[in-house]
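A quick note: this is a predicted structure, and the numbers were derived from the prediction, not measured.
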Amino acid sequence: MVEELLTAAVAAAAGVMVYMGVAARVVKQYERGVVFRFGRLREGVRGPGFTMVLPFVDRLRKVNMQIVTLPVPAQEGITRDNVTVRVDAVVYFKVVDPANAIIEVEDYRFAVSQMAQTSLRSIIGKSDLDDLLSNREQLNQGLELMIDSPAVGWGVQIDRVEIKDVSLPETMKRSMARQAEADRERRARVINADAELQASKKLAQAAAVMSEQPAALQLRLLQTVVAVAAEKNSTLVLPFPVELLRFLERAAPTPAAAPDAPAPDAPAAPAPDAIGRGRAPGGLSPVASPPPPARPEGRPEGRPEGRPEGRPDGRPDGRRAESA
């Protein structure tokens, strides 16, 4: 009798151990359990720790409650200003309702991935290139709202969305580099011109101060000479200061007047007749004209000198002119 009782007790204990081994489940701290009995969802979510289910009747599904990092593949699109770019992103999300994550969507990870890709392409088409490069915070917020709207019904909460990289064509990179270089050169020229303007004003003030004291110019010249001579690799030509010459001129004694010397003989004044006949044009000094030549004897008084004979008016006849 006692042996039968012991055998029954051992058999019951063995059955309980087998049942415990089949029905026992362990849910980790970062997980939650959802129980389906005959395919129907049981109310309540099993928390972390040890839990029991009915063997061959209940089925336990575990859902990870940790934040999931989901990389979004690079999407190629055309921006609003007609520039082709490739943009990739990353999505951080977590499950907040395990029951909806199991019932409402077949695979919430795949669903979030596809929604992120379509939302990223939509953001690319609505944005300009400058916004993609410089205004990423606003784009991240817009992308997060677009993904989070349908994900709320899936029991998934989008924690954060970040655009990782924006790939541009090589031609666009070179164009942007030239634009940035031109902008930097423009700013450098503006700064240089402003500096020259300020320097010119200061130089004008310094020149006004130095003009009151001429010695200041010489002191400034000597300072410049000292600065140039410090290099010792050039030949320096120093101009002689004019102020020093003026100082020596004022300091030199005035020479004594020389004794009276006899005045040079004055030229004899020409005769009035010579002055009247020989004055050169333009008011130059008068020159005496030579006396008229003597008239040869035997020539009539009224005939002019040097006129050939043979014609009354003194013209030579044709034959004499040809023989001449």
Side-chain angles (χ1 to χ4, degrees), residues 27-34 45 47-48 61-188 190:
V27 180
K28 297 180 182 179
Q29 181 66 35
Y30 54 85
E31 295 177 339
R32 297 295 182 270
V34 179
V45 178
R61 292 282 302 272
K62 298 178 182 179
V63 180
N64 193 337
M65 304 296 291
Q66 292 177 323
I67 295 178
V68 181
T69 303
L70 180 64
V72 181
Q75 302 297 315
E76 185 172 356
I78 300 177
T79 61
R80 190 166 58 182
D81 50 354
N82 299 325
V83 179
T84 304
V85 294
R86 290 177 60 88
V87 182
D88 56 350
V90 59
V91 180
Y92 302 91
F93 69 94
K94 64 180 179 179
V95 177
V96 294
D97 192 348
N100 288 338
I102 296 298
I103 297 174
E104 299 296 336
V105 63
E106 180 182 2
D107 186 354
Y108 64 90
R109 289 175 178 265
F110 182 75
V112 172
S113 175
Q114 295 299 313
M115 180 58 64
Q117 295 180 27
T118 56
S119 301
L120 183 58
R121 284 194 293 267
S122 178
I123 284 292
I124 293 174
K126 295 179 181 179
S127 305
D128 295 333
L129 180 61
D130 294 338
D131 295 336
L132 289 175
L133 297 177
S134 61
N135 196 12
R136 292 191 180 184
E137 291 296 332
Q138 185 177 357
L139 295 179
N140 293 337
Q141 295 176 2
L143 187 59
E144 180 180 349
L145 290 176
M146 293 180 66
I147 302 175
D148 190 58
S149 297
V152 172
W154 303 337
V156 177
Q157 178 183 356
I158 305 300
D159 187 71
R160 191 180 182 88
V161 180
E162 291 287 343
I163 296 177
K164 292 196 302 183
D165 187 24
V166 178
S167 300
L168 300 175
E170 293 297 330
T171 55
M172 180 58 63
K173 290 181 180 180
R174 289 193 293 267
S175 300
M176 295 177 64
R178 289 194 298 268
Q179 179 183 0
E181 183 180 359
D183 184 61
R184 290 180 180 274
E185 185 177 358
R186 178 184 62 83
R187 286 184 292 176
V190 170

Between CZ of R86 and CG of L168, what distance do you get to the nearest 0.5 Å? 12.0 Å
Determine, stepwise, if the pair M176 / L133 fulfils side chain to side chain contact (heavy atoms under 4.5 Å, CB included). CA-CA 12 Å; M176 295 177 64; L133 297 177; 3.4 Å; yes
Nearest-0.5 Å distance, CE of residue M65 to OH of residue Y30: 13.0 Å
What verdict does the side chain to side chain contact (heavy atoms under 4.5 Å, CB included) test give for V112 and V68, after you've listed the backbone C-alpha separation in whole Å, the side-chain angles of each residue and the deciding distance to 0.1 Å? CA-CA 11 Å; V112 172; V68 181; over 6 Å; no
When every non-hydrogen atom of V27 is compared with those of G33, the smallest separation belongs to CG1-N, 4.3 Å
What pair of heavy atoms forms the shortest contact from R32 to G47, and how long is it? CD-CA, 4.3 Å
Chi angles and distances behind the side chain to side chain contact (heavy atoms under 4.5 Å, CB included) call for V96, V156: CA-CA 6 Å; V96 294; V156 177; over 6 Å; no
Close side-chain approach of L70 to F93, heavy-atom, < 4.5 Å: yes
Do V161 and Y92 make a side-chain contact, defined as non-hydrogen atoms from C-beta onward lying under 4.5 Å apart? no
How long is the gap from CH2 on W154 to CD1 on I103, to the nearest 0.5 Å? 16.0 Å
Test item: D130 and N135 side chains (from C-beta on) under 4.5 Å apart, heavy atoms: no
To the nearest 0.5 Å, atom CD of Q75 lies from atom OG of S122 at 12.0 Å
State, with a plain yes or no, whether a side-chain heavy atom of R80 is found less than 4.5 Å away from one of I124. no
Considering residues, nucleotides and ligands other than K126, do more than 12 of their heavy atoms fall under 6.0 Å from its NZ? no
I'd like to check Q157 versus D97 (side-chain heavy atoms, cut-off strictly below 4.5 Å). Are they in contact? no
With V72 as reference, evaluate I163, D88, V91 under the side chain to side chain contact (heavy atoms under 4.5 Å, CB included) test and give the passing residue. V91
Taking all heavy atoms of T79 and all of S127, pick out the closest pair and write down the distance. CB-O, 3.3 Å
Side chains of E162 and N140 only: does a donor on one sit below 3.5 Å from an acceptor on the other? yes
Considering all heavy atoms of both residues, which atom of E31 and which atom of K62 are nearest to each other, and what is their separation? OE1-CD, 3.4 Å
Measure the shortest side-chain to side-chain distance between V85 and E76 over non-hydrogen atoms and say whether it is less than 4.5 angstrom. no
About how many Å separate CZ of R186 and CG of D183, when rounded to the nearest 0.5 Å? 4.5 Å
Surrounding CD of Q66 (heavy atoms of other residues, nucleotides or ligands, distance under 6.0 Å), is the total greater than 12? yes
Which atom names give the shortest non-hydrogen contact between A111 and V105, and what distance separates them? CB-CG2, 3.8 Å
Within the 4.5 Å heavy-atom criterion, are K28 and P48 side-chain neighbours or not? no
More than 12 heavy atoms of other groups within 6.0 Å of R187 CZ: yes
Are more than 12 heavy atoms from other residues, nucleotides or ligands located less than 6.0 Å from atom CZ of R121? yes
Pairwise side-chain contact, V83 with I78, heavy-atom cut-off 4.5 Å (strictly under): no
Can you see which heavy atom on V95 is nearest to which on A101, and at what distance? CG1-CB, 3.7 Å
Would you say the side-chain atoms of E104 pair up with the backbone N or O of I102, donor to acceptor, closer than 3.5 Å? no
Around R61, counting heavy atoms of other residues, nucleotides and ligands shown, do more than 12 lie under 6.0 Å from its CZ? no
To the closest 0.5 Å, what do you measure between CD1 (I147) and OG1 (T118)? 7.5 Å
